[in-house]
Amino acid sequence: VNEEFEGFLCEQAEFSRKAEDRTKQVILGQEALLLARRRVSDVIDEINRKVGKLPASVLEFERKAWFDVMMLALLRDGEQSERWDKHLSALKLLIWSGLPKNNSEQRQKLLKTIPSLLKKLRAGLREIGFDMNQAGELFNGLKTCHRAILSGKDDVPRLAAAAVGADESEAGNLNAGVAPSNPSIEFPEVGEWLKWQDEGVSYRGKLAWRSAITGTCIFVNRDGMKIAEMSSEKMSGLMADDKASVMHCSGRPLMDDLLATKQIALVL
């Protein structure tokens with residue numbers, strides 16, 4: 001009976017491991033998306049800052065369309081890929097097209113460049129399945145901007161570029177990283193079980209994952225299902241207030257552990 005019971009526990013442990021892996025993959029995917037958003041935002045913002053104020057239509061195209069094009073390229077192929085380089089070059093060309101052209105030679109160059117630029121932009125939008133009605137509005141804005149520049153008047157409204165992409169909360173989470181824990185508190189290792197109280201509710205869970213970037217801790221139950229998510233700072237605070245502690249397990253088979261601690265009695 002003990003062998004059958006241990007076999008059942010092994011099956012349960014395997015089921016729990018697979019469920020826990022799925023939980024971690026979801027969280028890792030979310031973090032990869034957050035990292036990609038931050039990276040694309042930094043790249044676009046850096047280029048924008050170098051050129052100063054840009055036409056509103058160019059900034060709108062960046063924010064509403066090209067940001068997602070570059071996001072997909074980064075997530076799919078990485079920053080060293082040909083696809084990324086291609087879309088980054090298109091971004092720089094888009095920005096250049098919106099800058100003032102002070103002489104006829106520059107305006108002629110813009111006139112010759114516009115068809116290839118529009119072709120690159122349309123190809124990028126097709127990759128992400130961008131809505132064509134919204135795309136039409138964005139291209140009309142660019143057309144108005146380019147006409148004004150080519151006429152030599154350049155009377156399009158120009159704005160200082162605001163941060164594109166990741167919102168303030170996401171950026172804050174990323175930039176914060178893993179805050180240093182209280183040195184007097186021994187933070188639990190991944191895989192350890194903890195018990196804690198939060199707002200009057202008691203929990204028991206295994207620390208399944210701790211982000212090295214944001215410090216987010218994910219806890220799962222014995223079935224491998226996520227039961228809690230909290231920051232490293234919050235967990236350290238709970239431990240400092242004696243509201244959380246590590247559950248030290250012997251690691252022995254369950255029946256042996258129960259017998260050794262006299263938590264069950266043998267009926268002979």
Side-chain angles (χ1 to χ4, degrees), residues 5-41 67-68 71-72 74-76 78 165-255 257-258 261 263:
F5 184 54
E6 292 295 343
F8 168 76
L9 290 179
C10 287
E11 291 179 1
Q12 290 296 105
E14 180 64 12
F15 173 83
S16 175
R17 184 189 66 78
K18 291 180 178 179
E20 183 179 325
D21 286 344
R22 288 193 296 269
T23 299
K24 285 191 278 190
Q25 287 303 317
V26 170
I27 301 301
L28 286 171
Q30 292 174 348
E31 187 160 283
L33 185 63
L34 178 58
L35 285 169
R37 287 181 63 84
R38 184 68 260 170
R39 178 56 186 155
V40 173
S41 179
F67 182 90
D68 291 336
M71 271 277 294
L72 182 61
L74 183 59
L75 290 169
R76 238 187 220 173
D167 62 31
E168 291 182 2
S169 60
E170 289 178 335
N173 288 338
L174 259 183
N175 294 331
V178 181
S181 302
N182 187 331
S184 64
I185 301 297
E186 185 177 351
F187 202 88
E189 299 289 335
V190 172
E192 287 189 307
W193 283 83
L194 291 90
K195 57 182 179 180
W196 70 92
Q197 284 192 341
D198 189 15
E199 297 181 355
V201 180
S202 297
Y203 298 89
R204 290 171 183 257
K206 182 172 76 170
L207 178 57
W209 183 75
R210 183 188 184 198
S211 171
I213 299 169
T214 63
T216 301
C217 298
I218 303 298
F219 294 89
V220 299
N221 59 18
R222 291 195 178 275
D223 293 328
M225 308 303 292
K226 175 181 169 182
I227 60 169
E229 176 179 338
M230 71 178 75
S231 66
S232 297
E233 298 95 316
K234 182 174 181 179
M235 175 51 66
S236 295
L238 291 175
M239 297 185 75
D241 295 338
D242 292 327
K243 293 182 179 180
S245 61
V246 175
M247 299 171 63
H248 297 287
C249 304
S250 69
R252 292 175 295 189
L254 178 61
M255 292 300 295
D257 204 40
L258 290 174
T261 55
Q263 291 183 16

Answer yes or no: is there a side-chain heavy-atom contact under 4.5 Å between [X] and [Y]?
{"X": "Leu207", "Y": "Met235", "answer": "no"}
{"X": "Cys217", "Y": "Lys234", "answer": "no"}
{"X": "Phe67", "Y": "Arg37", "answer": "yes"}
{"X": "Arg204", "Y": "Ile227", "answer": "no"}
{"X": "Thr216", "Y": "Glu31", "answer": "no"}
{"X": "Trp209", "Y": "Lys226", "answer": "no"}

Could you tell me which non-hydrogen atom of [X] sits nearest to which non-hydrogen atom of [Y], and how far apart they are?
{"X": "Val190", "Y": "Ala208", "result": "CG1-O, 3.3 Å"}
{"X": "Val246", "Y": "Met239", "result": "CG2-CE, 4.4 Å"}
{"X": "Ser232", "Y": "Phe187", "result": "O-CE1, 3.6 Å"}
{"X": "Ala36", "Y": "Leu75", "result": "CB-CD2, 3.6 Å"}
{"X": "Phe219", "Y": "Leu194", "result": "CE2-CD1, 3.8 Å"}
{"X": "Gly215", "Y": "Arg210", "result": "O-CG, 4.3 Å"}

Once rounded to the nearest 0.5 Å, what's the spacing between atom [atom1] of [X] and atom [atom2] of [Y]?
{"X": "Lys206", "Y": "Met247", "atom1": "NZ", "atom2": "CE", "result": "12.5 Å"}
{"X": "Phe15", "Y": "Arg222", "atom1": "CZ", "atom2": "CZ", "result": "14.5 Å"}
{"X": "Cys10", "Y": "Phe5", "atom1": "SG", "atom2": "CZ", "result": "10.5 Å"}
{"X": "Tyr203", "Y": "Gln197", "atom1": "OH", "atom2": "CD", "result": "10.5 Å"}

- Qualifying residues under salt bridge (Lys or Arg N to Asp or Glu O under 4.0 Å), relative to Lys195, sequence neighbours excluded: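 Here no residue qualifies.
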- Query: Is it true that a side-chain atom of Asn221 and a backbone atom of Asp223 form a donor plus acceptor pair closer than 3.5 Å?
  - Reply: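 Here the side-chain-to-backbone pair exists.
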